[in-house]
Every structure is written in C-alpha cells, then in structure tokens.
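First up is the structure itself, then whatever we jot down about it.
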Amino acid sequence: MFDDQGNSYLDFVAGIAVNTLGHAHPAMVKAIGEQAATMLHSSNLYHIPKQIELADKLVWLSGLDRVFFCNSGAEANEAAIKIARKYFHDQESPRRTVITATNSFHGRLLSTLTATGQDKVKVGFDPLPSGFIHVPLNDIDALKSAINDQTAAVLLEPLQGEGGVNLADTAYLKAVRKLCDEHGILLMLDEVQTGIGRTGKMFAFEHSGIVPDVLTLAKGLGGGVPIGAMVANEKVASAFAAGSHGSTFGGNPLSCAAALAVLETIEQEGLLKNVNAQSVRLKVGLQRMVKKFAMAESVRGSGLLLGLACSSAVAPVIESCKLKGLLVLPAGPNVLRMLPALNIKTGEVEKALEILEAALEAVEADRGVES
Ligand code: PLP
C-alpha cells in the first residue's frame, strides 16, 4: 500500500481480514471489470447466474445445503439469529434465546451488538433486544448450565478475532456440537473473520471435525467487495421461505463475481498451502519476539490470523510499525494482530518480522526496558 506522500507499507491488516488476494489482483480486476461491463445489479426478483454459481460453490465447500446472501458480517449474523428463531417458531417451540461467548464480536446491528460479548459496543444503544446470554469461551460446564428450554442456538467464533485472538479448543467445539445435538438446539459458527482460508482451511470449523447447522461469512469472501452469506443445512434453511427475509443488494452480480474470483484464485494458486507455510514462518518469528522482548508474552491464533499477546498496551508498537512501513492492528488493548493477504510471500513475512522487531526494540527502549 502507498499513502498520499508516496510512502510504501506492507499491509498486514488487509482491510481487517478482507483483502484475501491483496490489492489489485489481476483475477479480481478482470472479474469485477467484466461484470461491470455486463450488469452490476438486477435485484433478487430475478435469478442471478453468478449468485447460483457462488451458492453452489459455498454449499460444496461447506457441506451445508443453502445460502442466503447479504452485504456484511453483521447482516449475516442477523440472518442467522432470525433463522434460529423462525426455525423454532415453526415448530411451535418456545426456544428463542441465543448463547454466545464472552469477548465475542458479532457486529454492530442492534441484534448483533447484543449478541456480542463485550459491553463497550452496547453503551448508549439501549433498549437492547432480549434473548441473548453470554458464557465464557472454552468452558463447557458454563454452557451446560446456561442451556434451558428457551435456548434456540449457540453462536460462536471458532477463533475470536476482535476479542483478542482467542482460539476455541477443538475438544470444546466437539463438546458444544454434542451438547447442541443432545438438546436439539442449533450450533451456529460466525466465520466472518476466520472463513475463506484465513486459518489454513477454507473454514476454521474444519480443524475440529465438526459441522455447524449455520455458518456465517463476509469479510474475505468478496476480497474487498461487500458481500455476506449465511449458509445453513436443509433442516434449518427450510425455516426461510421467499419473503421471510431479504436484501436488495445481497448477492448481486458484482459481489458474486468478486467472490467467485476469490474462491477460484484460492484454489488455482494453492493459497491454503501458502497460508499454512507462511503461518509457520510468522509464528516462529513471533515466538522469537516472545523470547527477546519483556513485553511480548505469547503467540496466539491460527493460520494467518495471529496475535502477539503483550503485557502492556500495543498501540505504541503499532504506531512505530506504521512509521517503519508495516501496517498491523490491535485485538483489544494488549494484543497485536497480524492478518495479511492469503497470497503473502516469504520475503514479505520476513520483512514484516524485521520491522516488528525494530518497533518492539524502539518501544522498549522508550520505556527503559533492557531486552
Ligand atoms: N463477526 C465477526 C467474527 C467479525 O470479526 C466481524 C467484524 O469484525 C463481524 C461479525 C461484523 O462484520 P461487519 O463489520 O462486516 O458487519
């Protein structure tokens, strides 16, 4: 990336996990250009061939059955919350409550900020909708105690991004799946940040061997063109008939053309393999920082969604990185987050680590710490 002064930056923010293929990838330029020259938008009153193609692809990749398209992560989660309620409404069941995790982040709509397990996003927006409960992540007993005859669904991020790069354990996810099945409630996974190859598999849930009833996607799906998706199994999807829910822009020809280009390029360029290889390189480099710097405590995350957890505020390190030509971002006050494009190259990872090391050195020197 270049700024208005001509300074160049290595982009390890990627529009907050959006620019899957980096910037100006030829496949994106071609797909978007061709679609713009054909038809940008037609509304969902008509069948959109690229939307059908994209839905087929997501169904095939996820093992689920049907897709609802919208424009953002919050909208995808809103659709998930609505379909969970409608599913139980149709069975004349009182189940309406959604359980989510402490420190989760699910978006900024009234429903999704209430679902979010962080108080800071709620301040000033009351009255908030009812029907949301929060439990600590990775604590199966807390979840067991929270489930009752009002519970409709559990909504979790397999790896919390905004909340501090916190991984849901495989054993926990398996136990949650089992618990949901035992109670006949839905397991919904928010993969808005982790989906589309970010963790080294197409979807993060694949690491744990479980399959959710509902999966939400956005961010990386369009590679920079806004699109969101709620993917559901047939049992749940049948709760939405034509007219139950909708979106004017959702799944329009342009956003679907972009998303198809993202998915095709991930496959053609073998990018999942690259994510795994660069993840190891980045993790090893970050572990080196943990050994070298007093403030660096641990490395968290998976694939190319990694966090360096620190004992103090990371804002000065992020600022120093920026001045030295590297863009990174926080995940909470004390975690420095890195989520570059999936096609990041070895030399770029090495350069980013060099800059981060220099930034940590500068910040610790400023604070009078000897490394
Ligand atoms: N869910 C998760 C896990 C996210 O990380 C985000 C955004 O950071 C959202 C939902 C909300 O997505 P959007 O900003 O596209 O509404």
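Whatever order the structure lists them in is the order used to number ligands and atoms, beginning at 1. Every value quoted in this text rests on a predicted model; they were computed, and no experiment measured them.
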Item to complete: Only one of Asn44, Asp56, Asn252 passes side-chain hydrogen bond (donor to acceptor under 3.5 Å, both in side chains) with Gln51; say which it is.
Response: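 Passing option: Asn44.
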
Worksheet item: Taking atom types as modelled and ignoring hydrogens, do the side chains of Glu157 and Thr194 form a donor-acceptor contact shorter than 3.5 angstrom?
Response: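 No, because no side-chain N or O of Glu157 sits under 3.5 Å from a partner of the opposite role on Thr194.
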
Item to complete: Check whether the side chains of Asn233 and Asp65 place a donor and an acceptor atom closer than 3.5 Å, and report yes or no.
Response: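 No, because no side-chain N or O of Asn233 sits under 3.5 Å from a partner of the opposite role on Asp65.
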
Practice prompt. Only counting residues at least two apart or in another chain, list the ones meeting salt bridge (charged side-chain N to carboxylate O under 4.0 Å, His left out) with Glu350.
Written response: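 Applying salt bridge (charged side-chain N to carboxylate O under 4.0 Å, His left out) to Glu350 gives none.
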
Worksheet entry | Residues which pass salt bridge (charged side-chain N to carboxylate O under 4.0 Å, His left out) with Glu162, listed by chain and number, not counting sequence neighbours |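 Once residues adjacent in sequence are excluded, the partners of Glu162 under the salt bridge (charged side-chain N to carboxylate O under 4.0 Å, His left out) criterion are Arg337.
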
Check ligand 1 for N or O atoms under 3.5 Å from a protein N or O and list each pair with its distance.
| unit_1 | atom_1 | unit_2 | atom_2 | d |
| --- | --- | --- | --- | --- |
| ligand 1 | 1 (N) | Phe105 | O | 3.3 |
| ligand 1 | 1 (N) | Asp190 | OD1 | 3.3 |
| ligand 1 | 1 (N) | Asp190 | OD2 | 2.7 |
| ligand 1 | 5 (O) | Gln193 | NE2 | 2.8 |
| ligand 1 | 8 (O) | Lys219 | NZ | 3.2 |
| ligand 1 | 15 (O) | Gly73 | N | 2.8 |
| ligand 1 | 16 (O) | Gly73 | N | 3.4 |
| ligand 1 | 16 (O) | Ala74 | N | 2.8 |

Fill in: Residues clustered with Val236, ILVMFWY side-chain links under 4.5 angstrom
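Once heavy-atom contacts under 4.5 Å are chained together, Val236 belongs with Phe68, Ile81, Ile83, Tyr87, Phe88, Val98, Phe132, Leu155, Leu186, Met188, Val214, Met230, Phe240.
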
